[in-house]
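Worksheet for the structure shown next.
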Amino acid sequence: MSSPSSGAGGPFWDPWEPLRQHVASELARRLASAGAPETVEALLRQLEVASVGVADFGVPVHRAAQAAGVPAERLAERLADGFPLTGGLARVTADGPYVNFHADAPTLVRTTLELVFARAGAYGHAPARTESVCVEHTSANTTGPFHVGRVRNGIIGDTYARTLRAAGFPVVTQYYVDDMGRQSAMITWIWSRPLDRWPAEVREGSALPGAERPASEKPDAWYGRPYRFVSERVKNDPGTAASVGELVRELESGRAPPAHRRLATEILDGMLASLARLSIRFDEFVWESSFVADGSVDRVIDRLRRAPHAQVEENGALTVDAGGYGLPQEKARIVVTRGDGTSLYVTRDIAYHLAKFARFARAVDVLGQDHRLHARTLSALLAELGEERRPEFVIYQDITVPEGGRMSTRQGKAVYLDDLLDEATERARAEVLQRREDLPAEEVDGIAAQVAAGAVRFHILRIAPDKPVKFQWEEALAFDGRSGPFLQYSYARASSILRKAGRERPPYPFRPGALATPEEAALVRAIAGLPGTVAYVARTGHVHTLATYAFSLAEAFNRAYQAVPVLRAEGDLRDARLALVAAARQALGNSLDLIGIARLERM
RNA sequence: GGGCGUGUAGCCUAGCCUGGAUAGGGCACCGGGUUCCUAACCCGGGGGCCGGGGGUUCGAAUCCCCCCACGCCCGCCA
């Protein structure tokens, strides 16, 4: 975590920063004089992780005690004794082999709330940086509607992009549209022929009510209908395989029929409409064919031909021996062109990534676990070309279905995003109507859609990308407990208090000492955790940590809500509590923005 | 067969990178809480050999090795 803060008093955006800096540097000094030198950086890391309930943060001194040759308990006492209580530090205690640090409560309250109010919507964000980042995510084939498995990519990618922006990076999100492969060719192949000449089983399987798309059906759903049946036929019927193959060659040579781009665009529009329901949008769309058309793929092939480990096979295919780049032995020889000299997916992807690096300092690729080897291949080829930069990969595991295996349209084992959101919206509407008879129907609809999106987005985001997600309807549709709607509800509660107090806008004057209950103290600490969480997620790509954090913040808010009356309080107690509610609402709202879940003023 | 990843209560999950204080939560279950700011909430309770075994260490859910289970990849497909 880099910081322009030079310690207490300097500019900072993390309320803990002055205290942590003070503790770390003083502790480093004391450890050095005790004969167990530690760097400030190492101590800051330890302070971050060693925190437990008994203090704000602490550090075990076993190792240092060994280095110094004294018992840990003695060293802890020596380190704690006379520790200067400045920079917001109230107390330092030696608890067995641990040194614990307790923040001065009023100071932490003041520091935190003032920072929140000063930065408002930017609370939690870091100052701007110059390194630009390209985040490529989703990039699903334009063959039909999104199923939930594919959407995990978008949820992770979009959340990471939002977090990197908050961490100060200029971010551009890109969707790489594959318009060159067999998948998209199959769509064009089937839709380029009149309906009465479709193969019987494709026509029957697709169950089209007519030749024209009804207004009620989205283009991705409509044009995607025959996909799995064409795919099946290509596997079983050599004639179909041959004509689709013919079309693929046309696409690769740049002679795509006009219908091809039109179909892809229309289907993509439908797919993007679904993603928009989850607040996922893209800055740019990059068409794979563009790298063939502008000659950059040819230039990549030329460069690879002259690369140190390149070799031309008997039939003319160009390969690169990437054994030296850590690829598994079986896959060490990467095929870069076919025997006829045409490019392959990985070759075009190289051209794409060189284009990324020409514009951006960093490139982040969000990929499913089935692309791990591709990721390593890509890196190996970039190395072979002498490019020093590498994409940073965020890899996530599949969403599986209860009967086993990953979601798959082709196997008919898929839950579609639109269906899930429709069902979730219906349930959310029922929930809203049950408790809010006063709201106009239009607002109920809006709330229901946002609650549904919040539930789905949180449900998928909450799990570490490394782990598989077992899709279960009832869990995906849960609105209570650790869920998106719980966060939205907390935000709505905070909004409601401020609304009823007539204090929806700053200023929020407060006397820090007035916020003295344990629930209020815990809430302040939760609020103070946002900047550190943003920095952590930006550094690691562990986007699910945002979900964990936001939940713990909402939880702290609800506990305080339960324990501490605000509107019924009086005088400076009421003012201070209103300020705390306003700060909690701000921190929670900013967290929701990062997660991509709508803030709801009421629900 | 090889490579990569995952395994934490009935179910779901955080913590693992960077070893440290009684392994945090949620769902479900049991018991409480609303003349009061939205009960989509809060409080209490039971439920864990952290997949198994070995190792390193003062100390292992966390690091290393072996094994087991599950997933994915190992195309001149994308």
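In the text below, chain A, chain B and the rest are named by the order of the sequence lines, each starting its count at 1.
- Rounding to whole angstrom units, CZ of residue A:R539 and C1' of B:C17 are separated by 8 Å.
- Residues that satisfy the ring pair (Phe, Tyr, Trp, His ring centres under 6.0 Å) test with A:H544, not counting sequence neighbours, are A:H542.
- Closest contact between the side chain of A:Y489 and the listed nucleotides B:A14, B:U38, B:G33 involves B:U38.
- Ring orientation note: the planes of A:Y561 and A:F557 are tilted relative to one another, at an angle of 30° to 60°.
- In a base pair of the Watson-Crick type (N1 to N3 plus N6-O4 or O6-N4) or a G-U wobble (N1-O2 and O6-N3), with each distance short of 3.5 Å, B:G7 is matched with B:C68.
- With P as the reference atom, B:G52 and B:G7 are 13 Å apart, rounded to whole Å.
- Contacts of A:F285 classified as ring pair (Phe, Tyr, Trp, His ring centres under 6.0 Å), with partners at least two apart in sequence or in another chain: A:Y175, A:F282.
- In this structure, the nucleotide among B:A39, B:A21, B:A14 sitting nearest to the side chain of A:T548 is B:A14.
- B:A60 and B:U8 are spaced 14 Å apart, taking the C1' atom of each and rounding to whole Å.
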Find every protein N or O atom lying less than 3.5 Å from an N or O atom of nucleotides 34-36 of chain B, and list the pairs.
unit_1 : atom_1 : unit_2 : atom_2 : d
B:C36  : O2'    : A:R568 : NE     : 3.4
B:C36  : O2     : A:R568 : NH2    : 3.0

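- Taking atom P on both B:C72 and B:G53, the two are 28 Å apart, rounded to the nearest angstrom.
- A 3.5 Å limit on both hydrogen-bonding distances identifies B:C74 as the Watson-Crick or G-U partner of B:G1.
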Should A:H374 and A:Y345 be marked as a ring pair (Phe, Tyr, Trp, His ring centres under 6.0 Å) after you check the CA-CA gap, both sets of side-chain angles, and the distance that decides it?
-> CA-CA 10 Å; A:H374 172 73; A:Y345 170 65; 4.7 Å; yes
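- Base pairing of B:G47 is not made with any nucleotide, judged by Watson-Crick or G-U wobble geometry with both donor-acceptor distances under 3.5 Å.
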Please enumerate all protein N or O atoms sitting under 3.5 Å from an N or O of nucleotides 57-61 of chain B, with distances to 0.1 Å.
none

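- A:R427 and A:E474 are joined by a salt bridge, as a carboxylate oxygen and a charged side-chain nitrogen come within less than 4.0 angstrom of each other.
- As judged by a 4.0 angstrom heavy-atom cut-off over every strand, A:R436 is placed among the base-contacting residues.
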For residues 451-460 of chain A, tabulate all N or O donor-acceptor pairs below 3.5 Å that involve a side-chain atom, not counting sequence neighbours.
unit_1 : atom_1 : unit_2 : atom_2 : d
A:R457 : NE     : A:I595 : O      : 2.6
A:R457 : NH1    : A:D158 : OD2    : 3.0
A:R457 : NH1    : A:L278 : O      : 2.7
A:R457 : NH2    : A:D158 : OD2    : 2.7
A:R457 : NH2    : A:T159 : OG1    : 3.1
A:R457 : NH2    : A:I595 : O      : 3.1
A:H459 : ND1    : A:R462 : NH1    : 3.0

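- Residue pairs meeting the side-chain hydrogen bond (donor to acceptor under 3.5 Å, both in side chains) criterion with at least one member in residues 177-187 of chain A, sequence neighbours excluded, are A:D179-A:S289.
- Side-chain contact of A:Q311 with A:T319: a donor-acceptor pair under 3.5 Å is absent, judged by distance alone.
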Extract from the structure each pairing of a protein N or O with an N or O of nucleotides 26-29 of chain B at less than 3.5 Å, listing the distance.
unit_1 : atom_1 : unit_2 : atom_2 : d
B:G26  : O2'    : A:R482 : N      : 3.2

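- Side chains of A:T517 and A:E520: a donor on one and an acceptor on the other come within 3.5 Å.
- In this structure, A:E41 has no salt bridge (charged side-chain N to carboxylate O under 4.0 Å, His left out) partners at least two apart in sequence or on a different chain.
- Between A:Y98 and B:A21, a base-stacking contact is recorded: ring centres under 5.5 Å apart, planes less than 30° from parallel.
- A:K470 has no side-chain polar atom (N or O) that falls below the 4.0 Å cut-off from OP1 or OP2 of B:C11.
- For the P atom pair drawn from B:G24 and B:C16, the interatomic distance equals 15 Å after rounding to whole Å.
- With sequence neighbours excluded, no residue forms a ring pair (Phe, Tyr, Trp, His ring centres under 6.0 Å) with A:Y491.
- Comparing the C1' positions of B:G20 and B:C11 gives a spacing of 31 Å, expressed to the nearest Å.
- The ring pair (Phe, Tyr, Trp, His ring centres under 6.0 Å) check on A:F551 picks up A:F486, with sequence neighbours excluded.
- Which of B:A21, B:U18, B:A39 sits closest to the side chain of A:R493 comes down to B:A39.
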Please write out each protein N/O paired with an N/O of nucleotides 71-78 of chain B under 3.5 Å, distance rounded to 0.1 Å.
unit_1 : atom_1 : unit_2 : atom_2 : d
B:G71  : O2'    : A:Q369 : NE2    : 3.1
B:G71  : N2     : A:Q369 : OE1    : 3.0
B:C72  : O4'    : A:Q369 : NE2    : 3.2
B:C72  : O2'    : A:D370 : N      : 3.4
B:C76  : O2     : A:G339 : N      : 2.6
B:C76  : N3     : A:N315 : OD1    : 3.3
B:C76  : N3     : A:N315 : ND2    : 2.5
B:C76  : N4     : A:N315 : OD1    : 2.6
B:C76  : N4     : A:N315 : ND2    : 2.6
B:C77  : OP2    : A:R338 : NE     : 2.7
B:C77  : OP2    : A:R338 : NH2    : 3.0
B:C77  : O2'    : A:R182 : NH2    : 3.4
B:A78  : OP1    : A:R338 : NH2    : 3.3
B:A78  : OP1    : A:R348 : NH2    : 3.1
B:A78  : OP2    : A:Y345 : N      : 3.1
B:A78  : O3'    : A:D178 : OD1    : 3.0
B:A78  : O3'    : A:D178 : OD2    : 2.8
B:A78  : O2'    : A:D178 : OD2    : 3.1

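- Checked by atom type, the side-chain pair A:R228/A:T409 shows no donor-acceptor distance below 3.5 Å.
- Residue A:K467 places none of its side-chain N or O atoms closer than 4.0 Å to OP1 or OP2 of B:C12.
- For the P atom pair drawn from B:G33 and B:U13, the interatomic distance equals 34 Å after rounding to whole Å.
- Between A:L378 and the choices A:I350, A:L367, A:I334, A:L373, the side chain to side chain contact (heavy atoms under 4.5 Å, CB included) rule is met once, by A:I350.
- The partner of B:U35, taking Watson-Crick or G-U wobble pairs whose two distances both stay under 3.5 Å, does not exist in any strand shown.
- Taking atom P in both B:C68 and B:A14, the straight-line distance is 26 Å, to the nearest Å.
- The distance between the ring centers of A:H371 and A:F393 does not fall below 6.0 angstrom.
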Show the atom names and distances, to 0.1 Å, of all donor-acceptor pairs under 3.5 Å that link a side chain in residues 62-72 of chain A to residues at least two apart or in another chain.
none

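- For A:D466, taking side-chain heavy atoms from C-beta onward, the closest of the listed nucleotides B:U38, B:G5, B:U13 is B:G5.
- Nucleotides B:G48 and B:A23 are separated by 9 Å at their C1' atoms, to the nearest Å.
- For B:U57, there is no paired base (Watson-Crick or G-U wobble, both distances below 3.5 Å).
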